[in-house]
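As a basis for the values below, the full set of heavy atoms in this structure was taken, side chains included, without hydrogen atoms, waters or symmetry mates. Convention: sequence-line order gives letters A, B, ...; per-chain numbering from 1.
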Number of protein chains: 2
Amino acid sequence: MKKAPTIRDVAAAAGVSVSVVSRVLNEGSVAVATREKVVAAIAELGFRPRAAARELNGANLTIGLVLADLTNPFFARLADRIVWEARGRGVQVVLMTTQEDPHIEAETLATLLDRSVGGVIATPTGGNIDKWSRLQDLGVDLVFVDRSIAALENTDVVSIHNEASAASATEHLIGLGHRRIAVISGPLTTSTGTARIAGYESALAAAGIPSDAALIRGVPFRGDAGADAVAALLALPLAERPTGLIVANTAQVQSSMRQLYQMGIDIPRELSVIVFDDNPWTELVSPPLSVIRQPIDMLARHSVDLVLGRMQGRLPVGPRFIEVQAEFVSRSSSAAPNPVESHV
Amino acid sequence: MKKAPTIRDVAAAAGVSVSVVSRVLNEGSVAVATREKVVAAIAELGFRPRAAARELNGANLTIGLVLADLTNPFFARLADRIVWEARGRGVQVVLMTTQEDPHIEAETLATLLDRSVGGVIATPTGGNIDKWSRLQDLGVDLVFVDRSIAALENTDVVSIHNEASAASATEHLIGLGHRRIAVISGPLTTSTGTARIAGYESALAAAGIPSDAALIRGVPFRGDAGADAVAALLALPLAERPTGLIVANTAQVQSSMRQLYQMGIDIPRELSVIVFDDNPWTELVSPPLSVIRQPIDMLARHSVDLVLGRMQGRLPVGPRFIEVQAEFVSRSSSAAPNPVESHV
DNA sequence: TACAAAAGTGGTACCGGTTCCAATCCGGGT
DNA sequence: ACCCGGATTGGAACCGGTACCACTTTTGTA
């Protein structure tokens, strides 16, 4: 277990001072001949500057990624792309998960501070407003992705155009002839929850369809809340029962679908279904699901660009809100409602 | 943007020297009364020691996690559990992905060194043998999870019992009456590829069934290799065509299944299918898939235990090979072969 | 040719912890 | 009352870089 060479070893080998080596490392002004000697010495010794020493001086090449849960394929793919984008820019990613628990989130934030990360990309649970803003006070650049917190109005946000996406899914069902359309989404305390339900309601309003509170289910992300919501919706009296369903959050798709299968619901004859986020398996189930496809690579790219841009101070002050377009992909799980069925 | 308190601030506030504060932080011997003063000062100032400063002294509370690809739900869930286990032990995780590319993997290893991580949990691509062992020479504790590299015989490995798992899937199909069973797995250069195919072959041998090279497909993890393999298998002359298929690697399941659906294969009537790794969606597709379920939480727990145990030097020398049991879950995608069909 | 400005280089004090070592304090044994 | 050893505590070097500042060497210009 030999030890790695330090900057002084390099300086000695190249016959210069440590200052010069440091300048070579950080593109300071160094004579060409000198630089070559140093570069040669670095190569020969296989020297690599230690991140810890650099960070001690404020420099920073690490960002924190705070996600709810890697079990959710949406977050998993987001993480994959973010790590990828960061790598391309020479930045490392420290990954943390909150499991949607504000308490764990708080702990996570504290840890991020010790690690003196320069920036953070996060999907906030919704709580810990004071902690998030303290993080910012301490000079850590923060970018919310997917979700946001309204009270933190000075924070950059990257997300899909939630309202429009939910609206277009709703319009699609209305266009097929559906009048009773249910929506399952995140809690109304989350930005995605409110925005998507707002989009849903505005589409209904535009079509002159009254909205019915019984058809709107803002449920928790974790656990079987999706399944329970589905069961409740289908337990409604026949006349009030929805003929269309939008599952507006990836986290609830799985348990909702499982419940539908267990109940033996015939899709789309009895119920048309549209779900948020296109996973590899949405086209493997039967029938293949109509989905709102989120451009995950765009979300990742913009998040990383933003947070690094802030860290390098090359972005104007004032928050940036980047909304990218999501795409509606029509497959076989949505069709015109069955008029006979709905009156039996 | 105020700055965080340092250990000297705490020392001043508590009226002691920095040494004492440091000792309080690291469970050194300090008088009870003094310790209380220091603890109070820490709490009051909200002091948290900076990780970078600690790491500069060799201490280390970070592990690197090198995975192939978070798009694969097996790895995503593994990452989720590993981050979780690490968090419970006060350790952070730096995440990196190789996308199965040895070149990227090499770059990743170099980065891990700069970051002076104390330990690494990895799913190696199979190459970079020299780089991995240099990492170990430099004192970084290394644990391979899921896969291993035979040449690195001194490295800890945590995985499922690959051979037995593949054998039990094969036996299940043999028990149903299948004689021509195909297997799609990773390249034979990977440990999982060879072990699983070995298990498959030993099960065949035990049943007195000759193994047929045409039915064994060791294909790359990424891309549509699974789909191509399926197409090739089903293009065989009828008498040589398999009636059973084991997709022995999570990475190939998706494209294999997609291909089967596209070709309109009737499962299990025309072909019985067993796939490795139980995802949430395996029971949502039709028919629900028979799977080998890997105990991901066990893999995560053991990996983290091992790497931290090494880092803290409280493990005997000599490599540890931990193999956990995987579970065969029978669902509707496997059934007795259709004798009529196979002779038409 | 002389002198000012610019470019390149070396010295060294940090950054915020850890750790070794010497100094101090304490009570018990004789 | 005096000496000795264990328990605490403080001082300062050190980890491996960065960055400010002073000094020397070029280069450019009058």
Q: State whether Arg50(B) and Glu55(B) are salt-bridged, where the test is any N-O pair (Lys NZ or Arg NE/NH1/NH2 against Asp/Glu carboxylate O) under 4.0 Å.
A: no

Q) Would a distance-only check, ignoring hydrogens and angles, find a side-chain to backbone donor-acceptor pair under 3.5 Å from Asn60(A) to Thr62(A)? A) yes

Q: Using a 4.0 Å heavy-atom cut-off across all strands, classify Arg35(B) as base, sugar-phosphate, or nothing.
A: nothing

Q) Taking atom CG of Leu78(A) and atom OG1 of Thr123(A), what is their separation to the nearest 0.5 Å? A) 8.0 Å

Q. With no hydrogens and no angle check, is any side-chain donor or acceptor of Asn72(A) less than 3.5 Å from a backbone partner on Ala68(A)?
A. no

Q | Shortest side-chain distance from Val30(A), nucleotide among dT9(C), dT18(D), dT9(D) | A | dT9(C)

**Q.** Partner of Asp305(A) by salt bridge (Lys or Arg N to Asp or Glu O under 4.0 Å), out of Arg89(A), Arg320(A), Arg314(A)
**A.** Arg89(A)

Q) When you check the phosphate oxygens OP1 and OP2 of dT9(C), does a side-chain N or O of Thr34(A) lie under 4.0 Å from one of them? A) yes

Q. When only distance counts, do a donor and an acceptor, one from the side chain of Ser19(B) and one from the base of dG11(D), lie under 3.5 Å apart?
A. yes

(Q) Using 0.5 Å steps for rounding, measure from the OG atom of Ser191(B) to the CZ atom of Phe144(B). (A) 9.0 Å

**Q.** Whole-Å gap separating C1' (dT18(C)) and CG (Leu25(B))
**A.** 10 Å

**Q.** Atom-to-atom span, CG of Asp114(A) to P of dC15(C) - whole angstrom
**A.** 19 Å

Q. For DNA chain C, which residues in residues 6-18 of chain A have a heavy atom at a distance below 4.0 Å?
A. Val16(A), Ser17(A), Val18(A)

Q) Between dT19(C), dG17(C), dG17(D), which one does the side chain of Arg50(A) approach most closely? A) dG17(D)

Q.
I'd like to know if Arg147(B) pairs up with Glu100(B) as an ion pair, taking the criterion as any Lys NZ or Arg NE/NH1/NH2 lying under 4.0 Å from an Asp or Glu carboxylate oxygen.
A. yes

Q | Toward the 5' end of DNA chain D, by each residue's nearest nucleotide, Leu56(B) or Ala31(B) | A | Ala31(B)

Q: Kindly indicate whether the side chain of Arg23(B) and the base of dG10(D) share any N or O donor-acceptor pair separated by less than 3.5 Å?
A: yes

**Q.** Lys/Arg-Asp/Glu bridge criterion (N-O < 4.0 Å) met for Arg81(A), Glu85(A)
**A.** no

Q. Between Arg134(B), His103(B), Glu105(B), which is the residue that forms a side chain to side chain donor-acceptor pair (under 3.5 Å) with Asn128(B)?
A. Glu105(B)

Q: Go through dG16(C), dG17(D), dT9(C) for me and flag the one nearest to the Asn57(B) side chain.
A: dG16(C)

Find every protein N or O atom lying less than 3.5 Å from an N or O atom of nucleotides 23-27 of chain D, and list the pairs.
none

Q. Using rotation axes that map the C1' atoms of four end pairs onto the next four (five pairs an end), what angle separates the end axes of the helix from dT1(C)-dA30(D) to dT30(C)-dA1(D), to 10°?
A. 50°

Q) Gln136(B) and side chain to side chain donor-acceptor pair (under 3.5 Å): which partner among Thr155(B), Asp141(B), Asn154(B)? A) Thr155(B)

Q) Below 4.0 angstrom, N of the basic side chain to O of the carboxylate: do Arg48(A) and Asp114(B) qualify? A) yes

